[in-house]
Engineer: 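Below is the structure I would like to discuss, written out as structure tokens.
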Amino acid sequence: MKNFIITSVGIAGGFILSLLGGWSNGLCTLIVFMAVDYLTGIISAGVFKNSSKTKSGALNSSVGFKGIFKKMGILFVVMLAYRIDITANTNFVKNSVIIAYIANEFLSITENLALMGLYMPSALKNAIDILQKEENDENTD
């Protein structure tokens, strides 16, 4: 039974990685950033009771569940970008999408760290404010 489970997980993992274009440094970095964002969000809410996602600031399982599905959505977009690259015979789209999501995850991580009371240099705060303003402007178009 153990060998069956290990083999099944290996096959599923290999299939998913093939849909994402293989295990690249960019994909690995994105997954690390996604995991750190999720963990800092849990710490911010669970330990510091300072989450911006809930009224009480505390942990909420439905918010965490939605977060996991958002992370899955990111991977779906990476998969679609990879398929576009295959069709167009490039590697530009997937890499651009990965870099954009890494930047977004980095913003979220820094927000979580700020909610924990960690010092944020003013240059970083200003960069985050500018990027958030640009993101809000894009979302209203």
Side-chain angles (χ1 to χ4, degrees), residues 2-141:
K2 175 183 172 185
N3 287 338
F4 175 77
I5 293 171
I6 291 171
T7 303
S8 298
V9 169
I11 290 170
F15 178 71
I16 291 168
L17 277 176
S18 70
L19 291 175
L20 294 169
W23 195 251
S24 66
N25 288 332
L27 182 61
C28 181
T29 301
L30 176 60
I31 290 171
V32 167
F33 273 58
M34 290 168 56
V36 170
D37 178 43
Y38 195 77
L39 290 173
T40 56
I42 289 172
I43 293 167
S44 174
V47 175
F48 294 93
K49 309 278 190 260
N50 203 14
S51 172
S52 59
K53 305 271 195 283
T54 61
K55 289 182 184 180
S56 67
L59 279 174
N60 182 312
S61 60
S62 67
V63 170
F65 195 65
K66 287 178 188 176
I68 290 172
F69 276 97
K70 286 181 180 182
K71 304 296 184 203
M72 287 174 50
I74 289 171
L75 294 176
F76 286 140
V77 174
V78 170
M79 178 185 64
L80 295 174
Y82 172 63
R83 298 308 305 174
I84 291 170
D85 274 344
I86 289 173
T87 302
N89 198 26
T90 68
N91 61 4
F92 173 77
V93 179
K94 176 187 166 194
N95 290 338
S96 298
V97 166
I98 287 174
I99 291 167
Y101 279 122
I102 288 171
N104 188 59
E105 294 296 310
F106 179 71
L107 288 175
S108 183
I109 291 165
T110 56
E111 288 172 354
N112 290 338
L113 294 174
L115 289 171
M116 290 183 219
L118 267 67
Y119 169 75
M120 290 290 143
S122 59
L124 185 56
K125 287 181 190 177
N126 292 339
I128 291 169
D129 290 340
I130 290 168
L131 289 171
Q132 286 178 328
K133 183 182 180 313
E134 288 178 8
E135 181 180 348
N136 290 338
D137 290 346
E138 287 178 6
N139 289 337
T140 57
D141 290 342

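Predicted model, so just to flag it, every value in this text is computed and none were measured.
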Engineer: Working to the nearest 0.5 Å, report the span between CG of Leu107 and CG of Leu124.
Structural biologist: 8.5 Å

Engineer: Can you see which heavy atom on Leu19 is nearest to which on Tyr82, and at what distance?
Structural biologist: O-CD2, 3.3 Å

Engineer: Below 4.5 Å, heavy atoms only, C-beta onward: do Glu105 and Ile74 meet side chain to side chain?
Structural biologist: yes

Engineer: Is there a donor-acceptor contact under 3.5 Å from the side chain of Asn95 to the main chain of Asn91?
Structural biologist: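 Yes, the answer is positive, given that a donor and an acceptor are paired below the 3.5 Å cut-off.
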
Engineer: Compare every heavy atom of Ala58 with every heavy atom of Lys49, then report the nearest pair and how far apart it is.
Structural biologist: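 It is CD-CB, 3.8 Å.
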
Engineer: Test side chain to side chain contact (heavy atoms under 4.5 Å, CB included) on Leu27 and Leu17; report intermediate values, then the result.
Structural biologist: CA-CA 10 Å; Leu27 182 61; Leu17 277 176; 3.9 Å; yes

Engineer: Taking the side chain as C-beta and beyond, is there a heavy-atom pair between Phe48 and Leu115 under 4.5 Å?
Structural biologist: no

Engineer: Give, for atom OG of Ser18 and atom CH2 of Trp23, the distance between the pair rounded to the nearest 0.5 Å.
Structural biologist: 13.0 Å

Engineer: Of Thr29, Leu30, Leu75, which is the lone residue that meets side-chain contact (heavy atoms from CB on, under 4.5 Å) with Tyr101?
Structural biologist: Leu30

Engineer: What is the distance from atom NZ of Lys70 to atom CE of Met34, rounded to the nearest 0.5 Å?
Structural biologist: 12.5 Å

Engineer: Over all heavy atoms of both residues, which pair between Ile102 and Gly26 is shortest? Give the atoms and the distance, please.
Structural biologist: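 Result for this residue pair: CD1-O, 3.9 Å.
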
Engineer: Does the side chain of Ser44 come under 3.5 Å of the side chain of Asn112 through a donor N or O and an acceptor N or O?
Structural biologist: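 No, no side-chain donor-acceptor contact under 3.5 Å.
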
Engineer: What is the minimum heavy-atom distance between Asn3 and Thr7, and which atoms define it?
Structural biologist: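 Scanning both residues, the minimum pair turns out to be O-OG1, 2.7 Å.
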
Engineer: Taking all non-hydrogen atoms of both residues into account, name the closest pair between Asp85 and Val93 and its distance.
Structural biologist: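 Closest approach of Asp85 to Val93, heavy atoms only: OD1-N, 2.9 Å.
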
Engineer: Check the pair Thr40 / Glu111 against side chain to side chain contact (heavy atoms under 4.5 Å, CB included), numbers first and verdict last.
Structural biologist: CA-CA 9 Å; Thr40 56; Glu111 288 172 354; over 6 Å; no

Engineer: Hey, does the side chain of Asn60 reach the backbone of Thr54 with a donor-acceptor pair shorter than 3.5 angstrom?
Structural biologist: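 Flag not set: sc Asn60 to bb Thr54 has no pair under 3.5 Å.
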
Engineer: Measure the NZ-NZ distance between Lys71 and Lys66 for me, rounded to the nearest 0.5 Å.
Structural biologist: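 So the NZ of Lys71 and the NZ of Lys66 are separated by 14.5 Å.
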
Engineer: Please check if the side chain of Asn126 supplies one atom and the backbone of Ser122 the other of a donor-acceptor pair under 3.5 Å.
Structural biologist: yes

Engineer: From Ile42 CD1 over to Tyr38 OH, what is the distance, rounded to the nearest 0.5 angstrom?
Structural biologist: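 Output value for this atom pair is 4.5 Å.
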
Engineer: Answer yes or no: is there a donor N or O on one side and an acceptor on the other, between the side chain of Lys94 and the main chain of Ile86, under 3.5 Å?
Structural biologist: no

Engineer: Please list, chain by chain and in numerical order, all residues satisfying ring pair (Phe, Tyr, Trp, His ring centres under 6.0 Å) with Phe65, sequence neighbours excluded.
Structural biologist: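 Checked Phe65 against ring pair (Phe, Tyr, Trp, His ring centres under 6.0 Å); matches are Phe69.
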
Engineer: Which atom pair, heavy atoms only, marks the closest approach of Thr110 to Met120?
Structural biologist: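 Looking at all heavy atoms of both residues, the shortest contact is O-CE, 3.7 Å.
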
